Amino acid sequence: MRLTELFTPLGWATLAGSAALYAAGFALGYPEPVVLATGGVLALAAALAWSASAPDLEVRREVTPLKVPRGEAAVAVLNVVNRGRRGLSGLRVQDRIGHSEHLIGLPRLPRNAARTVSYPLPTDVRGEIPVGPLLLVRADPFGLTRRVRRYGDSRTLLVRPRTVALPVPPSGKAHHLEGPTSDNAPSGTVTFHTLREYVVGDDLRHVHWRSSARTGTLMVRQLIDASLPTTTVVLDPRELTELAVDVAASVAVAAARAGFPVRVLAGDAGVPDGKADTDAILDRLALVRPGTSGVAETLRMARGGGSLVLVTGDAAEVARAAGVRRRFDRVICVHTGTGPAGAPGVTVIPLTDLDALPLAWSPR
């Protein structure tokens, strides 16, 4: 580290002031300015001796958990161990969280001592929150010099939508209400769904050996009955409130956990079509952003069958859902806006609070 990088603005001001006092003292013949300048230079020399040497530290920062529902707790845990031959003081840790800086002062760290500090991470906004880089700052007590070192890599905290437990919306096909099974599926309707880790009791004929060799973990194919009704969740990208995303996530996760095929559509907002497990659904909805298109084209292109759940704050879009009523076994609209909304043949659930959804949903 170059000497010029050690000085703080205060250190540079002290150096400049000392030089000016020396010049004035010698030019005017007064000893007092020279004495003051000497004091400034000695202070700078002591500050350099304090912070110039690189401390022998073991620094580790962990983010736990890496994925969290919006509003729940996530923390960064910082572990610092002094491997040097002498104690250290004046240590501060600077961690960048999103667009802000988090500064932590560490107490004195004796030789071979360890300190563990945790600090909360913001989870009130859905999306990716970068955490890092982690900078360790050692400064002298006067603030004249400081040494900055970077430790470890940056991590990313993914804040997912909040969900509530819901039953799968009925599709009108009673023989599907028990959920999907491979054993009693009609011939020719069983299809590959996803890969998952092997658990005791799985059929070894379903082991996917290539993926198992690549990951080092025994992986098996999960099969589903493709004749099962699909739950199609359409999210209005123009009315993309946190409540709307939470509702869409709750409905999609309920169907996925029950083993039913799920499609999540959000126009141009960036949620692709396709069957997915709960983790994939939550990860994609964590990153969805407002779009400009309505749901008319999405409803027109959506494949029929099963249940359609439209989540919107626009009463006009609720009425539009009646136009596709014949293509689906069941159409439900969750209206998160204000004012009345309704459509013939469509079940409309007005909602202003996610926690009220299970009660409003269950008797439908």
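Note that this is a predicted model, so its numbers are computed, not measured. Along the sequence shown, residues carry numbers from 1.
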Within 6.0 Å of CZ in Phe142, more than 12 heavy atoms from elsewhere:
no
Whether over 12 other heavy atoms sit under 6.0 Å from Arg155 CZ
no
What are the two closest non-hydrogen atoms of [X] and [Y], and how far apart are they?
X      : Y      : value
Ser154 : Pro133 : OG-N, 3.4 Å
Ala316 : Asp314 : N-OD1, 3.0 Å
Val324 : Leu299 : CG1-O, 4.0 Å
Ala286 : Arg160 : CB-CA, 3.8 Å
Val288 : Ala266 : CG2-CB, 4.4 Å
Asp95  : Tyr119 : OD2-OH, 2.6 Å

Are [X] and [Y] in one and the same hydrophobic cluster, where Ile, Leu, Val, Met, Phe, Trp and Tyr link if side-chain heavy atoms are under 4.5 Å apart?
X      : Y      : result
Val137 : Val59  : no
Tyr151 : Leu91  : yes
Leu121 : Leu158 : no
Val81  : Ile104 : no
Val75  : Val93  : no

From [atom1] ([X]) to [atom2] ([Y]), nearest 0.5 Å:
X      : Y      : atom1 : atom2 : value
Arg221 : His208 : CZ    : NE2   : 5.0 Å
His206 : Leu195 : NE2   : CG    : 12.5 Å
Arg85  : Asn112 : CZ    : CG    : 11.5 Å
Arg108 : Ser89  : CZ    : OG    : 4.0 Å
Leu308 : Thr230 : CG    : OG1   : 11.5 Å
Leu144 : Trp12  : CG    : CH2   : 12.5 Å

Would you confirm whether [X], through its side chain, and [Y], through its main-chain N or O, come within 3.5 Å as a donor-acceptor pair?
X      : Y      : result
Ser118 : Ala76  : no
Trp361 : Leu166 : no
Arg325 : Phe328 : yes
Asn82  : Pro110 : yes
Asp140 : Gly143 : yes

Salt-bridge criterion met for [X] and [Y] (N-O under 4.0 Å):
X      : Y      : result
Asp355 : Arg162 : yes
Lys67  : Asp279 : no
Arg238 : Glu317 : yes
Glu72  : Arg70  : no

Looking just at side-chain N and O atoms, do Arg257 and Thr278 make a donor-acceptor pair shorter than 3.5 Å?
no
Flag side-chain contact, heavy atom, 4.5 Å: [X] against [Y]:
X      : Y      : result
Pro161 : Arg126 : yes
Thr347 : Val331 : no
Thr14  : Phe7   : no
Leu310 : Val233 : no
Arg330 : Ile332 : yes
Thr231 : Arg263 : no
Leu136 : Leu57  : yes
Ile129 : Ile97  : yes

Please lay out, stage by stage, how Leu354 and Ser250 fare under the test side-chain contact (heavy atoms from CB on, under 4.5 Å).
CA-CA 9 Å; Leu354 181 67; Ser250 298; 4.0 Å; yes
Steps toward side-chain contact (heavy atoms from CB on, under 4.5 Å) verdict (Val245, Val247)
CA-CA 5 Å; Val245 178; Val247 170; over 6 Å; no
Could you go step by step and tell me if Val77 and Thr64 meet the side-chain contact (heavy atoms from CB on, under 4.5 Å) rule?
CA-CA 8 Å; Val77 181; Thr64 180; 4.3 Å; yes
What's the verdict on side chain to side chain donor-acceptor pair (under 3.5 Å) for Thr8 and Arg146, showing C-alpha distance, side-chain angles and the deciding distance?
CA-CA 7 Å; Thr8 65; Arg146 69 172 188 169; over 6 Å; no
Could you go through Arg150 and Leu134, starting from their C-alpha distance and side-chain angles, then the distance that decides it, and tell me whether this counts as side-chain contact (heavy atoms from CB on, under 4.5 Å)?
CA-CA 6 Å; Arg150 177 171 176 169; Leu134 181 69; over 6 Å; no
Just to verify, what does Tyr198 make a ring pair (Phe, Tyr, Trp, His ring centres under 6.0 Å) with, not counting sequence neighbours?
none
